[in-house]
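Report on one structure; see the data block that follows.
Remember, predicted model here, so these are calculated numbers, not experimental data. Letters A, B, ... are given to chains in the order of the sequence lines, protein chains preceding strands, and every chain is numbered from 1.
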Amino acid sequence: MPWRRKPLPALDLGTRPRGRSRRPVPGTARRGTVAADFRRPRASRGRPIQPGRTTHSEHMAKNITPRAENYNQWYLDVISAGQLADHAPVKGCMVIRPTGFAIWEQMQSRLDRMFKETGHVNAYFPVLIPESFLKREAEHVEGFAPELAVVTHAGGKLLEEPLVVRPTSETVIGHMYAQWIQSYRDLPVLINQWCNVMRWELRTRLFLRTSEFLWQEGHTAHETAEEAEEETLRMLEIYRRFHEELLAMPVLMGRKTDTEKFPGALRTYCVEAMMQDRKALQAGTSHNLGQNFARAFDIQFLDRGNERRHVHTTSWGSSTRMIGGLLMTHSDDDGLVLPPRIAPVQVVIVPLYKNDAERAAVMPFAERVRAELGGVLDPLHIRLDTRDDLRAAERFFYWVQQGVPLRIEVGPRDVGQGAVMLVRRDTREKQSAPLAGLGQTTLALLERIQTDLFERARAFRQANTHRIDDYGEFRELMEGPGGFAEAHWNGSAQVEARIKAETKATIRVIPLDEDPEPGRCMVTGEPSPRRVVFAVAY
RNA sequence: CGGGGUGUGGCGCAGCCUGGUAGCGCACCUGCUUUGGGAGCAGGUGGUCGGAGGUUCGAAUCCUCUCACCCCGACCA
């Protein structure tokens, strides 16, 4: 079963340049092989790390509102302090600053690789789509009409046909697939594109919901319904792995209800995460489009029996919204916290000195530290902070708020001892480690940080997930602390709508359990085949 | 679109009621002293008060119109 949970594999920071000889075979996830190169330090080399003391216990960031005080403001403050993004002059649009974009680039390169390993290729389709295309699929146009941006003029003249700025690309791509696909020999078509899309949102929030956002949209066409469903679930599983293994974000996988599904889809699946305020965030979606778009765009092929048939298509996407989700999963009152595997800067070395004499001693040592780490990490992901116009404390806070998982302080005292100070971003634990074997020590620590972040998030979700059978209790949960509620539902859109109206909670996923537990709808008492997961969502 | 609010140096604000030609904190620049968790002192740069019109000798301040943004609600990756 493609959606079966797999254990978190050994650390693959994915940052060390790899030899060309190791070429992954499409369709097979590289597992273990690469990680084994620098997985755990052998006992003889890895120095035991003493339990450290934390550098401080209180919230120290004076430019960030604590979560407990105002969660929304905290979110905006973390973005601002970390210099991730800024508001653009056009309402609802954002400027992704270099630090934020670097995170996106990391996400892109890791996901892109996972797509290519499963046989997909990249292409690019235009940003402008004839308005009439959207109208060809009834549900699709109904779903997207309210949020379309439309170009009516160009070259100083009124256009004969308005052009919409793509909100998603099923239509143009369907149009092209109709021309490219003639025979079953042309199938499957497995194309992905990285691009921007625009959806005119009424209420926007940086990363989570902006009018323009960056994303990836995969579009595939298949011979049979079974193949399309298989592809849909395969990509869902890739999103699950990406979130859990790279972003350290535990996610629930499942199906969307008809009210929540993609306009035009047969079925929509998604991965859903819990944020620190216990609200749900849909992080990636995978749609089985059936033959809806094939019929609308006349995508037909001659099958093996020489009969003309419509293809079965899928589409799947994930966006810059994941940056918001990543932030709300791990960050704290001091600012951004990034998991090592996705962090653009994994380790920062901060040299400390008071005068030229100390500088002369410390800098070469810091360079040695960098060289040592360069043996195990991609040098691009190691930063040596040579700024001497900033005070030490200011540099510390800068990197704290950039979310760098590990800071290495190198001062005169350390040089004397042939050691460095390692400071974890997540726990703030500070510990001394000798320069000898520092590469392995660092890798082990990064691995630990990665798994700790994931485990912490999973424990949080678990602590805030409740099995609920009584609607009164359900309302109390949603009106009070919030969280995920596993409850029974009779399957009707009316009851779903009533629950939403009364509690703001929606059905986030219908889990893909193989052995569902039947019961009775918490609202109507009617039979229910399985529990579904409710939550208030972003 | 309905309800509430705000527009004054890069950011956050005061001044408006009781008109007299703009001030504070942070940031920024210079210098000295500092530097293992957001330094101190001294000096300095920068705005004509969202926009338009009106009242007045005189408007950030009063009046009219207008624009933008933010928060709450309905829609959404």
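Under the stacking criterion of a centre-to-centre distance below 5.5 angstrom and an interplanar angle below 30°, A/Phe396 is not stacked against the six-membered ring of B/G38.
Between the NZ atom of A/Lys354 and the C1' atom of B/G36 there is a distance of 7 Å, rounded to whole Å. The NE2 atom of A/His87 sits 14 Å away from the C1' atom of B/A68 (whole-angstrom rounding). A straight line from CD of A/Gln431 to P of B/G36 spans 21 Å, rounded to a whole angstrom. For the pair A/Asp356 CG and B/U35 C1', the interatomic distance rounds to 13 Å; values are reported in whole Å. A straight line from CD of A/Gln417 to P of B/G36 spans 17 Å, rounded to a whole angstrom. Whole-Å rounding puts the A/Arg395 CZ to B/A39 P distance at 12 Å. Rounded to whole Å, the distance from CD on A/Glu170 to P on B/A77 is 12 Å. The CG atom of A/Leu352 sits 13 Å away from the P atom of B/G38 (whole-angstrom rounding).
Under the 3.5 Å distance criterion, the side-chain polar atoms of A/Arg240 are left unmatched by any main-chain donor or acceptor of A/Leu252.
The base of B/G37 sits with one of its N or O atoms less than 3.5 Å from a complementary donor or acceptor on the side chain of A/Arg407. Side chain A/Gln401 to base B/G38: a donor-acceptor pair is found below 3.5 Å.
The side chain of A/Arg391 places no N or O atom within less than 4.0 Å of a non-bridging phosphate oxygen (OP1 or OP2) of B/G38.
Nucleotides B/G50 and B/C67 have their C1' atoms positioned 7 Å apart, rounded to a whole Å. Spacing of P atoms, B/G51 relative to B/U56, comes out at 23 Å, to the nearest Å. B/C62 and B/U18 have their C1' atoms separated by 12 Å, given to the nearest Å. Taking atom P on both B/C24 and B/A68, the two are 34 Å apart, rounded to the nearest angstrom. Taking the C1' atoms as reference points, B/U48 lies 8 Å from B/A22, given to the whole Å. Across the P atoms, B/G5 and B/A14 are found 16 Å apart, a figure rounded to whole Å. When the P atom is compared between B/G37 and B/U30, the two are found 26 Å apart, to the nearest whole Å. B/G43 and B/C26 have their P atoms separated by 14 Å, given to the nearest Å.
Take the nearest nucleotide of RNA chain B for A/Tyr398 and for A/Glu260: the residue whose nucleotide is more 5' is A/Tyr398. Remark on RNA chain B: of its neighbouring residues A/Val400 and A/Ala537, the 5'-side contact belongs to A/Val400, judged by nearest-heavy-atom nucleotide.
With no hydrogens or angles considered, a side-chain donor-acceptor pair links A/Thr257 and A/Glu496 at under 3.5 Å. A donor-acceptor contact closer than 3.5 angstrom links the side chains of A/Ser169 and A/Glu217. Between the side chains of A/Asp112 and A/Asn122, at least one donor N or O sits under 3.5 Å from an acceptor N or O. In summary, the side chains of A/Thr285 and A/Thr268 do not present any donor paired with an acceptor at a separation below 3.5 Å, with no hydrogens or angles considered. Side chain to side chain, A/Gln83 and A/Thr99 fail the donor-acceptor criterion of an N or O pair below 3.5 Å. Between the side chains of A/Glu212 and A/Thr210, no donor N or O sits under 3.5 Å from an acceptor N or O.
Ring pair A/Tyr177/A/His219: centre-to-centre distance not below 6.0 Å. The aromatic ring centres of A/Trp316 and A/Trp215 sit 6.0 Å or more apart. Side-chain rings of A/His287 and A/Phe262 approach one another, their centers coming within less than 6.0 Å.
Within the nucleic acid shown, A/Tyr538 has no heavy atom closer than 4.0 Å to any nucleic acid atom. The residue A/Leu208 sits close to a base: some heavy atom pair falls under 4.0 Å. Among the heavy atoms of the strands lying under 4.0 Å from A/Gly411 is at least one base atom, whether or not backbone atoms are also near. Residue contacts shown for A/Glu142 are absent, as no nucleic acid heavy atom lies under 4.0 Å away. A/Asp414 comes within contact range of at least one nucleobase, with a heavy-atom separation under 4.0 Å.
Geometrically, A/Arg67 engages A/Trp74 in a cation-pi contact, judged by NZ or CZ lying under 6.0 Å from the ring centre and within 45° of the ring axis.
The side chain of A/Arg321 approaches B/A77 more closely than any other nucleotide in the set B/G38, B/A77, B/G36. Nearest to the side chain of A/Thr210, among B/A39, B/G37, B/A77, sits B/A77. Minimum atom distance to the side chain of A/Asn63 is reached by B/G38, of the listed B/A77, B/G36, B/G38. Out of B/G36, B/A77, B/A39, the shortest distance to the side chain of A/Glu394 is found at B/A39.
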**OP:** Would you please test A/Glu229 and A/Tyr269 for side chain to side chain donor-acceptor pair (under 3.5 Å) and show each step?
**Re:** CA-CA 10 Å; A/Glu229 181 70 3; A/Tyr269 298 91; 2.3 Å; yes
**OP:** Starting at the 5' end of RNA chain B, write a dot or bracket for each base, bracketing those in Watson-Crick or G-U wobble pairs whose two distances are under 3.5 Å and using | for partners on another strand.
**Re:** ((((((((.[[[[.)....(..]]]].((((((.....)))))).....[[[[[..)....]]]]])))))))....
Nucleotide N/O to protein N/O under 3.5 Å, stretch nucleotides 73-75 of chain B:
residue, atom, partner, partner atom, Å
B/G73, OP1, A/Lys504, NZ, 3.4
B/G73, OP2, A/Arg203, NH1, 2.9

Kindly give the atom pairs (protein nitrogen or oxygen, nucleotide nitrogen or oxygen) under 3.5 Å for nucleotides 42-46 of chain B.
none

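Heavy atoms of other residues, nucleotides or ligands lying less than 6.0 angstrom from CD of A/Glu139 number more than 12.
Between the OG1 atom of A/Thr259 and the CD1 atom of A/Ile507 there is a distance of 6.5 Å, given to the nearest 0.5 Å.
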